[in-house]
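These numbers come from a predicted model, not from an experiment.
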Amino acid sequence: MRFWSDLRRILWNDKPALVGGIIVLIYVLMAIFGPMLVHISSVQNASDAYAGPSPQHLLGTDALGQDVLAQIIVGCRPIMIVGVVSAVITVVVGVVIGLVSGYVGGFTDSALMRVTDVFLTVPGLPLIIMIAAIVHTTNPLVLALILSVTAWPGLARAIRSQALSLRSSDFIEAARLQGLGLGNIVGRQLLPNVGPYVAIHFLLGITGAIYAQVGLFLLGIAPISGTNWGIMINLAMSQGALYTPGSALYLFSPMAAIVILQVAFVFFSRALDSVFNPRLRVQ
């Protein structure tokens, strides 16, 4: 398939994008297999609190003497699940509304865009915080739904603009003359033409959802249950890691894990940009 051959060639020529792709792959594998291979000990040993790096604890320990690296690995899965599911929901809602609105036009376009405008004008972060505080759940699907509430309108607007420019194209006119229905035209004719934009937005949507959910856990709005990077930062702050000697790794390790993943997504998205837009390719 040409897409994969182009992607391999671009990654080989664009070393930052290649490094980003490798890091993203490592995080994906860590999310899938990490909890199967690494377990967080239930034994609490206050005498080992905030111990520094050692062969037994490469990133030191937390306030309860438990291994920080194990928590980083195990906490990757819930963060990635919510990020990916939220991005999927955002893309599906935004693309469907944008394509239908742009292609159908008329009253349907007007109605869908007025709804979109309402969500665009609502302050996103306060709304997410309010909903999360009311729902107060750790269910990944529910968290993903909450985070996607205000994430889709911008994508819907952008997709609508592209659909408006495509609906008078020759291939769309030909599809109409063949008697193809709305679903066929939108799904098979318009959707492939907005695919590049959707792919980039999907990656960036994952990064935004990760930041947002970590913020909810850091603020204590989402219940503290299980292990993920946001909960680790929350516990580090609440357990006085800012003021305790030797606790720096416990506080900054989850922050570093988040930043590294975000940077990797940004670098890897460069490769996708280049695949879909040959003018951007590194020679």
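Between the side chain of His136 and the backbone N or O of Ile221 there is at least one donor-acceptor pair closer than 3.5 Å. Put simply, the side chain of Ser110 never gets that close to the backbone of Gly106: no donor and acceptor are under 3.5 Å apart. Between the side chain of Ser54 and the backbone N or O of His57 there is at least one donor-acceptor pair closer than 3.5 Å. A donor-acceptor pair is defined here as one N or O able to donate and one able to accept, closer than 3.5 Å; such a pair exists between the side chain of Trp229 and the backbone of Ile72.
One distance of note links CZ of Phe268 with CD1 of Ile23; it measures 12.0 Å at 0.5 Å rounding. The OG atom of Ser86 lies 10.0 Å from the CD1 atom of Ile146; values are rounded to the nearest 0.5 Å. The CD1 atom of Ile22 sits 10.0 Å away from atom NZ of Lys15, with the distance rounded to the nearest 0.5 Å. To the nearest 0.5 Å, the span separating CG on Leu147 from CG on Leu216 amounts to 6.0 Å. The structure places OG of Ser253 at 4.5 Å from CG of Leu59, a figure rounded to the nearest 0.5 Å.
Under the side-chain hydrogen bond (donor to acceptor under 3.5 Å, both in side chains) rule, Gln71 has a single partner from Thr61, Asp62, Thr227, which is Asp62.
Taking all atoms of both residues into account, the shortest heavy-atom contact from Gly98 to Ala163 is O-CB, 4.1 Å. Taking both residues in full, the closest heavy atoms of Arg77 and Ala31 are given as NE-O, 2.8 Å, listed atom of the first, atom of the second, then distance. Here the closest non-hydrogen pair linking Leu219 and Asn234 is C-ND2, 4.3 Å. The shortest non-hydrogen separation linking Leu249 to Pro53 is CD1-CG, 3.2 Å. For the pair Ile79 and Gly75, the tightest heavy-atom approach, listed with the atom from each and the gap, is CG1-O, 3.5 Å. In plain terms, the two heavy atoms of Ile233 and Ile258 that are nearest each other are CD1-CD1, 4.1 Å.
Partners of Phe119 according to the ring pair (Phe, Tyr, Trp, His ring centres under 6.0 Å) rule, which considers only residues two or more places apart in sequence or in another chain, are Trp152. Taking the side-chain hydrogen bond (donor to acceptor under 3.5 Å, both in side chains) definition, one finds that Tyr103 meets it with Arg176, sequence neighbours left out.
Put simply, Leu29 and Phe267 are part of two different groups of oily side chains (I, L, V, M, F, W, Y) that touch within less than 4.5 Å, one to the next. Grouping the Ile, Leu, Val, Met, Phe, Trp and Tyr side chains by contacts below 4.5 angstrom, directly or via other members, places Leu120 apart from Ile97. Residues Met255 and Ile231 share a single hydrophobic cluster, defined by chaining ILVMFWY side chains whose heavy atoms lie under 4.5 Å apart.
When the shell of 6.0 Å around CE of Met237 is examined, it contains 12 or fewer heavy atoms from other residues, nucleotides or ligands.
Listed by first then second residue, pairs satisfying side chain to side chain donor-acceptor pair (under 3.5 Å) with a partner in residues 116-133 read Arg114-Asp117, Asp117-Arg157, not counting sequence neighbours.
Put simply, the side chain of Gln162 does not reach to within 4.5 Å of the side chain of Leu190, judged on heavy atoms.
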